[in-house]
There are 2 protein chains.
Amino acid sequence: MYTCEPDKRGTGKQMTDKQRRRPGETREKLMSAALDLVGKGRHFASLGIREITRQAGVVPTSFYRHFRSVDDLGLQLVDELGLVLRRMMREARANVLQADKLIEESVAIFVAHAQANRSFFLFMAQGLAGESRAVQEGIRSEMRFFASELANDLRRLRLMEHLSDTDLDLTCDLVVRTVAFSLTDLLSVSADDDYQVGQVRKRTTRFLQMVFVGAAHWNSRSA
Amino acid sequence: MYTCEPDKRGTGKQMTDKQRRRPGETREKLMSAALDLVGKGRHFASLGIREITRQAGVVPTSFYRHFRSVDDLGLQLVDELGLVLRRMMREARANVLQADKLIEESVAIFVAHAQANRSFFLFMAQGLAGESRAVQEGIRSEMRFFASELANDLRRLRLMEHLSDTDLDLTCDLVVRTVAFSLTDLLSVSADDDYQVGQVRKRTTRFLQMVFVGAAHWNSRSA
DNA sequence: CACATAAGTGAACACTTGTACACATCAGGT
DNA sequence: ACCTGATGTGTACAAGTGTTCACTTATGTG
């Protein structure tokens with residue numbers, strides 16, 4: 001979904017295809033167009049309605065059929081972002097088997113997803129300091145959810161059992177932040193520069209290891 | 001500097017003041033105007049030349065006398081940002097006396113500076129995922145410098161001496177990232193909500209403590 | 001089938017935008 | 001004293017912007 005298809009039908013002024021336009025298709029095209037523009041290096045905050053509709057191969061008026069403003073579109077993108085994150089978590093839970101490689105493999109899965117949905121994560125990184133308060137809060141909320149799920153998983157795996165609930169939350173929050181920041185590193189190197197991507201992955205892994213070492217020895221200094 | 005002064009002279013079409021306009025005054029007004037707009041909630045990437053010059057109380061054409069484009073202005077703002085960061089470091093070095101309160105006091109100084117130069121740090125947070133590659137790289141570079149200075153300070157204070165140079169750099173990088181991310185928390189709460197600001201400060205402090213606990217026990221697992 | 005509704009279209013509006021040009025003013029060096 | 005450059009100003013224009021309006025078309029439910 002959200003692939004960049006080059007306006008399959010020309011500038012046909014009339015819809016003559018026998019194939020019906022499935023409902024919500026334009027809505028998706030608009031969201032995907034915004035993401036594509038972000039993926040091309042534009043900042044979401046600088047996108048205009050006309051620009052988005054042009055990229056989507058749709059007349060400007062159509063935009064209002066689905067969104068009230070660009071910020072509104074952003075909000076709906078945040079919702080979709082939630083789905084992407086959930087998919088990523090599911091895959092991580094399924095694939096991370098050996099506890100000793102937990103960090104490494106989780107980071108690998110994260111990097112893979114970030115690469116596969118580059119525009120999406122780019123949008124997320126931008127939105128964190130974006131100009132729409134609502135989008136900002138939405139992304140922050142997704143991150144909180146992610147952190148709380150991570151805490152649950154750690155509890156379920158009987159890891160970090162010496163930590164109080166609030167300290168575990170603290171740890172997971174720090175983990176999520178660290179990963180989120182790595183996003184900006186990852187997205188600033190070209191997607192197919194395997195060496196650089198590998199460097200980011202290694203570095204992120206070490207960051208997380210350091211955080212978990214800190215968490216493992218946390219109680220001793222809580223006095 | 002860069003205070004928001006409300007266009008002291010009116011819409012005078014001619015410059016009749018006996019007081020000479022000191023050189024570079026308009027340049028500063030333009031930079032300050034851009035920062036003001038960012039401080040008002042706009043995103044830097046969405047600012048236009050006319051908007052900036054309007055806010056600065058200057059005719060659009062003047063912009064080109066000092067900058068080639070908005071991105072160019074952004075680059076020069078990054079340079080100024082460097083100065084702000086250096087001032088902050090100097091103050092931190094001067095005021096942090098007792099090693100046991102090192103983290104707490106450093107965070108307090110950071111928060112104070114971030115509050116005092118809100119727009120500047122807002123600009124920095126935005127620029128990290130901004131649309132100008134050059135600005136992005138500039139901010140990243142400032143952060144690297146900051147991290148390396150922090151590493152030097154730790155060495156000078158004979159702290160974390162068990163860490164190799166690369167591991168110390170890793171630690172400092174993680175510290176700087178963590179603080180930078182806290183920026184987005186800090187800047188998303190209203191500036192005069194002392195309670196919330198205090199919460200962010202406490203949370204950031206605990207993050208850093210956890211990182212340093214991790215660093216303190218790092219060697220044991222480097223095998 | 002008829003009909004309400006959702007989705008798409010093109011033309012038009014009043015603004016705003018970036019940029020170019022020609023001109024005015026002043027500072028400083030020779 | 002005079003020129004040169006840096007700086008600031010007003011005007012102008014073509015292109016792009018958000019938004020509204022009236023119109024068509026297809027869908028699904030009674």
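Below, all heavy atoms of this structure are taken into account, side chains as well, without hydrogens, waters or symmetry copies. Below, chain A is the first sequence line, B the second, and so on; all start at residue 1.
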Short side-chain N/O contact from B:His66 to OP1 or OP2 of D:dG8, under 4.0 Å: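 So the side chain of B:His66 is within the cut-off, an N or O lying under 4.0 Å from OP1 or OP2 of D:dG8.
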N or O in side chain of B:Tyr64 less than 4.0 angstrom from C:dT19 OP1/OP2: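 Checking C:dT19 against B:Tyr64, a side-chain N or O does come within under 4.0 Å of OP1 or OP2.
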In whole angstrom, what separates [X]'s [atom1] from [N]'s [atom2]?
X: A:Asp71; N: D:dG18; atom1: CG; atom2: P; answer: 12 Å
X: A:Glu51; N: C:dG18; atom1: CD; atom2: P; answer: 13 Å
X: A:Ile49; N: C:dT16; atom1: CD1; atom2: C1'; answer: 15 Å
X: A:Phe63; N: D:dT17; atom1: CZ; atom2: P; answer: 13 Å
X: A:Glu25; N: C:dA7; atom1: CD; atom2: P; answer: 12 Å

Per [X] side chain, nearest of listed nucleotides [options]:
X: A:Val58; options: C:dT9, D:dG8, C:dG18; result: C:dT9
X: A:Ser62; options: D:dT19, C:dT9, C:dC21; result: C:dT9
X: B:Thr61; options: D:dG10, D:dG8, C:dA7; result: D:dG10

First encountered from the 5' end of DNA chain C, between B:Ser69 and B:Arg65: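 Result of the comparison: B:Ser69.
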All N/O contacts under 3.5 Å from nucleotides 13-16 of chain D to the protein, with atom names and distances to one decimal?
none

Heavy atoms from other residues, nucleotides or ligands near CZ of A:Arg156 exceed 12 (cutoff 6.0 Å):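 Enclosed.
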Cationic tip of A:Arg86 above A:Phe145 ring, under 6.0 Å, 45° of axis: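 A:Arg86 over A:Phe145 ring: yes.
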Pair up each side-chain donor or acceptor in residues 104-112 of chain A with any protein partner under 3.5 Å, not counting sequence neighbours, and list the distances.
{"from": "A:Ser106", "atom 1": "OG", "to": "A:Leu102", "atom 2": "O", "distance (Å)": "2.8"}

Main-chain N/O of A:Leu170 paired with B:Arg206 side-chain donor or acceptor, under 3.5 Å: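 The answer is no, because no donor-acceptor pair under 3.5 Å joins these two groups.
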